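Just so we're clear, the structure is a prediction, and the values are computed from it rather than from any experiment. Along the sequence shown, the residues carry numbers beginning at 1. Start at 1 and go down the list; that is how both ligands and their atoms are numbered.
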Amino acid sequence: MIEAATVQLEKLMAHHDANANRQTLSLFEENPDRFQTFSAQCGELLFDYSKCNISPETLQLLFELAEAANVSEKRAALFAGAAINTTENRAVQHMALRNMSGAPVIIDGKDVMPDVLAVRQAMARFAEAVRSGDIAGQGGKFTDIVNIGIGGSDLGPVMATAALGPFHDGPKTHFVSNIDGADILEVLKVVNPATTLFIVASKTFTTQETMTNANTARQWLVDALGEEAVVNQFAALSTALDKTSAFGIADDRAFGFWDWVGGRYSIWSAIGLSLMIAIGAKRFDEFLGGAHAVDQHFQNTPDSVNVPLLMALVGIWHRNVCGYDTHAVLPYDQYLHRFPAYLQQLDMESNGKRIDLDGAKVSHETGPIVWGEPGTNGQHAFYQLIHQGTSVIPADFLIAAEAAEHVGDHHEKLAANAFAQTEALMVGKDEQQARSELADKGLSEADIDKLAPHKVFPGNRPTCTFLYPKLTSFVLGQLVALYEHKVFVQGAIWDINSYDQWGVELGKELAGELLPVVKGEQEPTGRNGSTVGLVNAFHAMRK
Ligand code: G6Q
């Protein structure tokens, strides 16, 4: 963190210490308009952070932190296509992929929009032809699409296809990612080779998991239909178009993107093809449109109502000032059941860093542990800890005003649960109330003494709520882009590179070294005792 920002963070810490006993509920008593003041809109989407323990003074200090950390200048550099991914010397311009404004986007002196639009149009032509049956397999119209990819080439399409389930009118989609053969095996059991399209999604086209799964799928298809099926029933999404053609994929079925699109930011690119086939090109455009609206909001909206900026600052307050380690994402929207997993990669791979832009070790915490599950399921599992555990867990609640699909009064019950949880977490229940409730039930004084401590809820536990009209393609695009820009702002304040991921390399290297050892082709010599012991036990158990 740069010096000026560190000074500002210290001011925030002093402010926190001076208000250590502040109750969020009392902030509502001080300001009857708190909900209006501590919420903001991005289009129709409402972001409410009034249930966080943030006063006007706290907020002012947080805005000053953003200013001290040069967030506006860094945002301008991001959108200008500067090479802000400094360890890989790359621009970060996934926003160009959803640029619906007609304005040019310059990277390295070149307008990238003609290429972006050409790929998007080619994808749309292909997707619509697959949907209509004009492009078909040996057995006729494609009934199933199998996307083979991992990490950024999997989580986005999986999450978004699930999220937009009610609009899914294309072929059935399946996603294979894990190197564990069980993943592809289970899919190959249920699809018909003659009517299945395989999409190999890999930016580099070298990833072990994806290439292993792609080769297994290729062999399975060739065994069933012969070599000629490959050209008809495989497509590829990659920046390495030389490698896709070497695999046998026809050039007009290989959709490209560029090194300025990070893997975990690539759902907007050709990597979105399986989603486009599922929901159609028009809805895919709406998805891009929602994200583009957020890009504009992020650049043009004043700080006080700038949703991604507010999300980031609230997160900084919790992580750096209050010292909370984790951040829960709790969608009260079953269609968003993979959204927490998606955000785990977006946030933790981007901001799970301990070295700053100058190569020095950071002097403060960076990205929190992100986790979550949909409500109401989580209520019957881990919410106990959120309400009464020793850790305070800031949480985002997400809920639509209207269900994507209506079933009786399910949605009203779902919403009541979401609002009830955030209220319970903030308001809590003190000992006096717990005692009087037990007394009303006729318990003896001795039993009340015994039970009351367990019935106390400390309250004052922070939550933010996202309320949106309905989970459409546009709204999903908004939600994803809001979190992307939140991650950007936090990385900017922490002065880290949110766009590289060196931390995933070491394990990959060692897996490469260990493969011949695991296969029994090499002795496990020269390694630590635990690994040697495990490999030997592995071999012994397989005999
Ligand atoms: C994302 C990461 C990583 C990547 C996968 C797949 O930001 O870089 O999750 O997406 O490792 O890589 P390929 O697309 O190159 O196969």
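The ring pair (Phe, Tyr, Trp, His ring centres under 6.0 Å) test applied to Y483 returns F339, F466, not counting sequence neighbours.
Residue-to-ligand polar distances place G152 within reach of ligand 1: an N/O pair is separated by less than 3.5 Å. Between Q345 and ligand 1, an N or O atom pair is found at a separation short of 3.5 Å.
Residues L197 and F142 share a closest heavy-atom pair of N-CD2, 3.5 Å. Scanning both residues, H168 and T173, for their nearest heavy atoms gives CE1-OG1, 3.2 Å.
Residues V191 and W220 form a side-chain contact, since some pair of their non-hydrogen atoms from C-beta on lies under 4.5 Å apart. P171 places none of its side-chain heavy atoms less than 4.5 Å from the side chain of T143. Between W258 and V112 the shortest side-chain heavy-atom distance does not fall below 4.5 Å. Between T463 and P394, every side-chain heavy-atom pair lies at or beyond the 4.5 Å cut-off.
Shown in contact with S202 at under 4.0 Å from a heavy atom are these atoms of ligand 1, numbered in order with element: 13 (P), 14 (O), 15 (O), 16 (O). Interface atoms of ligand 1 facing Q501, defined by a heavy-atom separation under 4.0 Å, are 7 (O), 8 (O). Close contacts between ligand 1 and S153 involve ligand atoms 10 (O), 13 (P), 14 (O) [criterion: under 4.0 Å to a heavy atom]. Of all the atoms in ligand 1, the ones that sit under 4.0 Å from a non-hydrogen atom of G263 are 1 (C), 7 (O), 10 (O).
Residue contacts with ligand 1 do not include E209, since none of its heavy atoms lies under 4.0 Å from the ligand.
Nearest-residue assignment for atom 13 (P) of ligand 1 (options T206, T239, T207, I150; heavy-atom criterion): T207. Remark: among candidates T204, D500, I271, the nearest residue to atom 15 (O) of ligand 1 is T204, based on non-hydrogen atoms.
Counting protein heavy atoms only, atom 2 (C) of ligand 1 is closest to E349 OE1, 3.3 Å.
Distance remark: protein heavy atom not present below 4.0 angstrom from atom 11 (O) of ligand 1.
Using cut-offs of 30° and 60° for the angle between ring planes, the F382 and W371 rings count as perpendicular.
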